[in-house]
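Protein chains get the first letters and strands the later ones, always in sequence-line order, with residue 1 at the start of each. Side chains are part of it too, since the values below use all heavy atoms of this structure and drop only hydrogens, waters and symmetry mates.
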Number of protein chains: 2
Amino acid sequence: MGVVERKEREKELRSESIIDAAERIFFSKGFEHATMNDVAEEAELSKGALYLYFHSKNELCMAILQRSLLILKNKMTILHDDNILTGIEKFARLARLFIAFAKEYPNHYNSFLSYREHRGNCPATGKVIKGTNEENKKINRIISDIIRMGKADKTINKDIDADKLSLALWGNFTGIMPSSILHDRSSLDYNPEEVIKYHFELLINAIKA
Amino acid sequence: MGVVERKEREKELRSESIIDAAERIFFSKGFEHATMNDVAEEAELSKGALYLYFHSKNELCMAILQRSLLILKNKMTILHDDNILTGIEKFARLARLFIAFAKEYPNHYNSFLSYREHRGNCPATGKVIKGTNEENKKINRIISDIIRMGKADKTINKDIDADKLSLALWGNFTGIMPSSILHDRSSLDYNPEEVIKYHFELLINAIKA
DNA sequence: ACAAAAAAATGACCGTGGGTCACTTGGTGA
DNA sequence: TCACCAAGTGACCCACGGTCATTTTTTTGT
């Protein structure tokens, strides 16, 4: 009988429902002001139970980041697997995709930006940390694949370094918006969306064959 | 008699020496693990006294960020004021300047990346928050000025939008390195330095007249 | 020179919240 | 029916951010 398997499934479900609860609480109160008791109550569990699934508040936060990466990766995979668009067209759509993600999941997008603090407070050997590393790697792989497609179909300059450019773009995505927030709102003439688009335009101009 | 003035100067000095202490403590222990008692001891003051100068631990952290911005701005001002280099040359040197800053002041560079959390927990009306906004604005002003210089001396395409590109670059700087850190070290073939340089090369290629 | 007043600094104290652990609950298999 | 064990509980511990009545130091007025 599949008791062990069922238990494993249930454990996975519990874990997911805790992350659901944590998202609602963290996103509405912010990391510092949210308490583990809040999360426990929202998840209809005791505080102690949370610690059966996650080692710390920080790790729970990283689990949310892992989800964010997963959502984005799934969006990107669809673009990647399209077989009508050319490489450079896909590359151009990455800009739109990033913007759409940030608009559709603003809280998840935010989770990219505060991950460092949390990450530093989690054991590097943990399952969650490894998961985020994995997703991150896959995302960079998708971007660089798209660039390589462009090189293959001659829509992108063959001398472009796909891996390096992929990292640059990804870094840019996780940094460009916060900069504009630090910038005083009232004096910000351009919204992040325009800035990202413009940046991509320039890059496209630089890399097109 | 200048008693009031002297007091003001002394107050400023105390404030600076508290930030000195906070830097040593925060940089060595990390924000979460550092305590206000640690900072007080390092600053040779009581905990209560810290709160005469800063409203909260978060605000103290923002004061460090303000310093980081100031250091970077000073480096950039020198480049900006140079009157031999052409606009595009200055633009190209920005990449080196960013990298040099991140290498010379790695901890200060890090402070850029976790500012969101702290910022959200400070009253927006505070002196420190306003100070960081101010510095940030000046930095963007310097970058866009450099681009404008390039347009004036015809080394940069006149159709480039200086303000937008400035924001894009600044965002990139505050995002590109953390991305590479999230990326699993062992499988990272390029270091952040290479990535920044390459990204700039492409941009230069796109914007040169 | 001295005391009253003001400013600066102190540190005991408070409340909160992350994290723990001895104990309870409830499903499972013999 | 009962022994077992994983799952879950919540009272408890204690570290730490922040406060404030009190003390110490400096300034001001005479």
Margin query: Can you list everything that forms a side chain to side chain contact (heavy atoms under 4.5 Å, CB included) with A/S28? Sequence neighbours excluded, please.
Written below: none

Next item on the list: Among the candidates C/dG18, C/dG27, C/dA9, find the nucleotide nearest to the side-chain atoms of B/L52.
Entry: C/dA9

Next item on the list: Round to the nearest Å and state the distance from A/D38 atom CG to D/dG10 atom P.
Entry: 16 Å

Item checked: Minimum-distance nucleotide to B/Y51 side chain [options: D/dG17, C/dA9, D/dG8] -> D/dG17

Margin query: Regarding A/A34, tell me which of base, sugar-phosphate or nothing describes its non-hydrogen contacts under 4.0 Å with the strands shown.
Written below: sugar-phosphate

Margin query: For a quick test of reading the model: is some side-chain N or O of A/S46 closer than 4.0 Å to OP1 or OP2 of D/dT9?
Written below: yes

Checklist line | Atom-to-atom span, CD1 of A/I25 to P of C/dG17 - whole angstrom | finding: 13 Å

Item checked: Heavy-atom neighbours of B/E44 CD exceed 12 at 6.0 Å -> no

Note to self: Judged by each residue's nearest nucleotide on DNA chain C, which is more toward the 5′ side, A/N58 or B/K47?
What the structure shows: B/K47

Note to self: Looking at C/dA7, I'd like to know if its phosphate oxygens (OP1 or OP2) sit under 4.0 Å from a side-chain N or O belonging to B/R14.
What the structure shows: no

Check: For the ring pair A/H108 and A/F101, is the centre-to-centre distance below 6.0 Å?
Finding: no

Note to self: Could you tell me how far apart B/F54 (CZ) and D/dG17 (P) are, to the nearest whole angstrom?
What the structure shows: 15 Å

Next item on the list: Calculate the interatomic distance between A/L50 atom CG and C/dC21 atom P; express it in whole Å.
Entry: 17 Å

Notebook entry, point to check: From C/dG18, D/dG8, D/dG17, pick the nucleotide closest to the side chain of A/K57?
Noted result: C/dG18

Check: Rounded to the nearest 0.5 Å, how far does OG1 of B/T132 lie from NZ of B/K137?
Finding: 10.5 Å

Check: Can you check the A/E32 CD to D/dC16 P distance for me, whole Å?
Finding: 15 Å

